[in-house]
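Following: one structure in structure tokens, then a few remarks.
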Amino acid sequence: MHIPSKVYATTISTMICVLTCVSVSAEQSIKVWTAPAMTRVMLTQAAPDITSDEITLHMCRNEWESAQVIISGKADFLSQLHYRIEILSSENDTKFLTPTIYQEFDIPVIKSSPRAPEKAQWYPDALVPFANGSKPALASFRNQPGVVNLRLWLDFHSPENQQPGSYVARLLVTDPADKSLIEEARIAVTVLPESLPNKPSLKSYFGLEEHRIARIHGLDRNKNGSELALVMDSYYQLLADSRLQPGLIFASSPPLDENNQLVWDRPASDTLPAPEKIVKKYCGSEGRFNSFHLPMWRDYPFADPLASNRAQAIAYLAELANLAHRTAPDADLFFSVGQLDEPDTAEAYQKIRAWSALVREAAVMAETPIKFFVTEQPQSQESEWGTLIGAVDIWAPHVMWAWEDLESKSGKRLIQERIKAGEEVWCYPALAQFRDQWKQEKGLPDMAGDSYPPVWLTDYPAVQYRILPWICAAHGMTGIHYWNTFEWPNDIDPWENAGSFIIDEETFNGDGLLIYPPAPARLVGKEKAAAMKPCPSIRLKWIRDGMEDYEHLQLLRKKNPVVAKAIRDRIARGFADWQTSPDKINTARIMISNTLNR
């Protein structure tokens with residue numbers, strides 16, 4: 001949550017604080033300024049005229065907040081300077097953790113997404129880890145002539161045991177030759193006494209496939225299992241920091257030994273850790289995932305689980321559920337069949353029902369609830385396919401279908417019925433879809449200024465990524481599903497083309513890509529590239545802010561549900577009725593904090 005230290009006529013999200021300009025020569029002048037996290041600052045954007053000497057963040061304990069510090073100047077001069085954050089301290093000398101520093105890298109949108117409100121251009125999106133006190137590579141400025149912006153993204157984290165109070169950080173720009181200070185920015189951080197829970201209240205299932213990650217990192221599951229587990233952990237931690245979690249967790253699938261016994265508390269192979277250790281790490285009392293996806297596929301560990309191996313599959317799933325529940329008693333257990341994602345035939349519907357029957361028998365045998373998850377809406381696509389009601393525990397319809405059911409004139413309100421029946425309903429964004437019913441009732445919206453079911457694409461407004469948890473809270477939906485976080489066509493370099501998903505000759509920029517592979521040497525240099533880890537996107541950070549908004553709402557709902565509902569309704573009433581200005585969200589967060597601290 002960003003609160004300016006001085007009052008200006010401009011709004012919070014568009015206010016950009018500019019510090020003084022130091023001029024050494026025409027070629028050696030820099031301007032240092034700050035911007036809120038929800039403001040996109042382009043590579044060659046001119047610094048505005050509004051000035052202030054700091055930006056202020058407010059946060060609870062166990063929360064992340066971000067700010068941007070921008071240094072404008074000629075690329076060759078910027079690449080010679082050093083940039084360092086001073087450790088924060090309060091008036092009583094209590095220390096604060098040094099923030100994680102990233103350099104923002106620009107990814108080109110070459111072909112606009114359908115109906116995109118923003119033009120094809122370079123977009124700041126990839127966040128490359130930046131060592132405190134180091135300097136950027138010249139190539140990171142993309143050979144742009146004239147004045148460019150070095151944008152440093154600062155991720156501040158307040159641990160659960162952080163002393164509440166006010167802290168100050170300084171971003172120092174120094175001359176590497178004599179260590180002299182050239183310019184600085186100040187970031188004030190206020191830590192509130194409330195703590196966000198370690199595990200997220202809103203559930204999630206964000207796709208993250210190990211096979212592509214293994215290939216990108218040059219690892220083989222069977223030969224390099226231990227190394228791959230460490231690499232996968234670096235991706236999982238990026239999701240966990242954003243209060244998100246993957247579907248299947250690498251190395252959590254217990255094989256059968258030579259006696260057909262499930263391997264749980266010992267290593268599954270010479271290179272893989274024990275499944276119990278993995279589940280405890282991520283889903284146990286100290287872990288940050290709130291559910292565990294029970295791993296089983298339509299052809300593994302049994303060739304024919306719905307027929308000839310059915311009894312074995314039921315026994316395996318029941319034993320796995322029992323072991324997982326003992327290891328992580330607070331985690332929800334759920335099951336899905338990835339190969340039947342978005343069932344769209346009568347045969348697929350029938351297989352969903354068959355798998356559901358198997359899962360239900362396993363849950364009875366285990367005496368442990370197992371929730372069956374399906375990426376589908378409660379209304380059958382074709383009446384002759386039959387219904388999935390009675391077979392599904394967690395529904396995950398597309399956000400546009402959810403609007404039609406819950407808010408359109410013709411909606412059947414099936415989502416409300418399923419929630420009242422004790423089932424869960426999540427939702428998922430994908431592509432930029434507008435159903436016929438929307439077009440009949442509303443026509444095509446102003447994609448830049450109107451509210452509509454959120455579209456998670458690079459060339460859409462930032463607020464699209466933050467608002468979905470608010471909408472979930474408004475409708476009693478308990479989770480968000482996203483099909484992938486690490487996807488792009490094989491013939492595309494994600495560092496050179498934002499077109500991560502292409503279908504029917506349409507490009508959907510950033511769809512299925514929230515985490516970038518390690519930055520290449522051509523952009524950061526060989527030394528940095530050798531030690532590089534996966535890079536989060538700015539869009540992932542915006543989702544994180546929405547997930548934290550949801551936690552603030554839950555804290556307030558426990559203390560004062562009437563006020564919580566009133567504030568929530570100021571921001572989001574539904575999929576087609578929400579505030580499109582980040583300022584309004586920031587104002588709501590201020591109201592929540594003030595109420596919690598009374």
Side-chain angles (χ1 to χ4, degrees), residues 202-207 244 247 291 293 334-338 340-346 348-349 351-353 355-356 371-383 385-442 451-457 464-465 467-484 508 511-512 543 546 550 572-578:
L202 190 63
K203 300 171 189 175
S204 61
Y205 174 173
F206 278 51
L244 305 171
S291 55
H293 186 169
F334 73 95
F335 181 89
S336 68
V337 186
L340 292 176
D341 182 58
E342 297 182 282
D344 58 358
T345 65
Y349 265 49
K351 285 188 176 180
I352 290 290
R353 288 187 285 265
W355 273 105
S356 174
K371 297 181 179 181
F372 190 49
F373 175 98
V374 179
T375 309
E376 184 65 320
Q377 62 273 358
Q379 181 178 332
S380 299
Q381 297 182 42
E382 301 290 344
S383 58
W385 298 356
T387 183
L388 295 181
I389 292 176
V392 177
D393 302 300
I394 304 175
W395 305 87
H398 186 270
V399 290
M400 181 55 75
W401 190 94
W403 165 81
E404 183 169 332
D405 178 73
L406 287 165
E407 301 172 29
S408 77
K409 297 174 183 176
S410 63
K412 296 183 178 180
R413 311 307 188 251
L414 295 177
I415 288 176
Q416 294 176 347
E417 289 182 9
R418 300 331 307 155
I419 293 175
K420 289 179 181 177
E423 297 162 10
E424 292 189 48
V425 181
W426 299 13
C427 62
Y428 74 94
L431 309 179
Q433 304 177 38
F434 287 89
R435 292 173 65 85
D436 291 341
Q437 189 62 34
W438 176 283
K439 296 174 185 177
Q440 292 173 17
E441 292 187 22
K442 295 180 173 292
S451 58
Y452 46 88
V455 174
W456 284 5
L457 298 175
Q464 297 278 338
Y465 285 88
I467 197 63
L468 191 51
W470 289 86
I471 299 172
C472 288
H475 281 306
M477 303 172 104
T478 52
I480 297 173
H481 177 44
Y482 195 53
W483 70 284
N484 213 332
F508 297 87
D511 201 359
I543 296 172
Y550 187 92
R573 280 73 54 192
F575 286 94
D577 187 12
W578 46 270

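Between the side chain of R413 and the main chain of G411, a donor-acceptor pair closer than 3.5 Å is present. At distances below 3.5 Å, at least one donor-acceptor pair connects side-chain atoms of T345 with backbone N or O atoms of A348. For the pair E342 (side chain) and T375 (backbone), a donor-acceptor distance under 3.5 Å is absent. A side-chain donor-acceptor contact under 3.5 Å links R353 to the backbone of T387. Between the D405 side chain and the I415 main chain, a donor and an acceptor come within less than 3.5 Å of each other. S204 places no side-chain N or O within 3.5 Å of a backbone atom of G479 that could act as its donor or acceptor partner. A donor-acceptor contact shorter than 3.5 Å links the side chain of Q381 to the backbone of P343.
Taking the side chain as every heavy atom from C-beta outward, D511 and Y482 approach each other to under 4.5 Å. Residues K442 and F434 have side chains not in contact (no heavy-atom distance under 4.5 Å, counting atoms from C-beta outward). W426 is listed as a side-chain neighbour of T478, based on a closest heavy-atom distance under 4.5 Å. Counting heavy atoms from C-beta outward, F372 and V374 have side chains that approach closer than 4.5 Å. In this structure the side chain of V425 reaches within 4.5 angstrom of the side chain of P397, judged on heavy atoms. Using a 4.5 Å heavy-atom threshold, the side chains of L406 and F575 count as touching.
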Can you list the steps and then say if E382 with Y349 is a side-chain hydrogen bond (donor to acceptor under 3.5 Å, both in side chains)? CA-CA 10 Å; E382 301 290 344; Y349 265 49; over 6 Å; no
Stepwise side-chain hydrogen bond (donor to acceptor under 3.5 Å, both in side chains) check, H475 with Q416: CA-CA 8 Å; H475 281 306; Q416 294 176 347; 5.4 Å; no
Apply side-chain contact (heavy atoms from CB on, under 4.5 Å) to I394 and F334, showing your working. CA-CA 9 Å; I394 304 175; F334 73 95; 4.2 Å; yes
Determine, step by step, whether W395 and Q377 satisfy the side-chain hydrogen bond (donor to acceptor under 3.5 Å, both in side chains) criterion, reporting the C-alpha distance in whole Å, the side-chain angles of both residues, the deciding distance to 0.1 Å, and the verdict. CA-CA 6 Å; W395 305 87; Q377 62 273 358; over 6 Å; no
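Partners of W403 by ring-ring contact (aromatic ring centres under 6.0 Å, His included), not counting sequence neighbours, listed by chain and number: W438. By the side-chain hydrogen bond (donor to acceptor under 3.5 Å, both in side chains) test, D577 pairs with R573, sequence neighbours left out.
Note: M400 CE to D436 CG = 10.5 Å, rounded to the nearest 0.5 Å. The CD1 atom of I480 sits 4.5 Å away from atom SG of C472, with the distance rounded to the nearest 0.5 Å. Interatomic distance, CD of E404 versus OG of S410, reported as 5.0 Å (0.5 Å rounding). Rounded to the nearest 0.5 angstrom, I471 CD1 and C427 SG are separated by 7.5 Å. Taken from NZ in K420 to CD in E417, the straight-line distance is 8.0 Å, to the nearest 0.5 Å. Rounding to the nearest 0.5 angstrom, the gap separating the CZ atom in F373 from the NE2 atom in H481 is 4.5 Å.
Scanning all heavy atoms of the two residues, the minimum distance from P453 to Q464 falls at O-OE1, 4.3 Å. Of all non-hydrogen atoms in P378 and L414, the two that sit nearest each other are CB-CB, 4.1 Å. Taking each heavy atom of Y205 and G247 in turn, the nearest pair found is CE2-CA, 3.2 Å. Closest non-hydrogen pair, P469 versus L202, comes out as CB-CD2, 3.9 Å. In terms of heavy-atom proximity, W385 sits nearest to A346 at CD1-CB, 3.5 Å. The nearest pair of heavy atoms linking A391 to S356 is O-OG, 2.7 Å.
A salt bridge links K203 to E424: one of the charged nitrogens lies within less than 4.0 Å of a carboxylate oxygen.
Ring geometry, F206 versus W456: the interplanar angle falls from 30° to 60°, so the pair is classed tilted.
Here the options are L388, I352, V392, the test is side chain to side chain contact (heavy atoms under 4.5 Å, CB included), and the partner is E376; only L388 passes.
For the residue pair D341 / W483, no side-chain donor-acceptor distance below 3.5 Å is found, with atom types taken as modelled.
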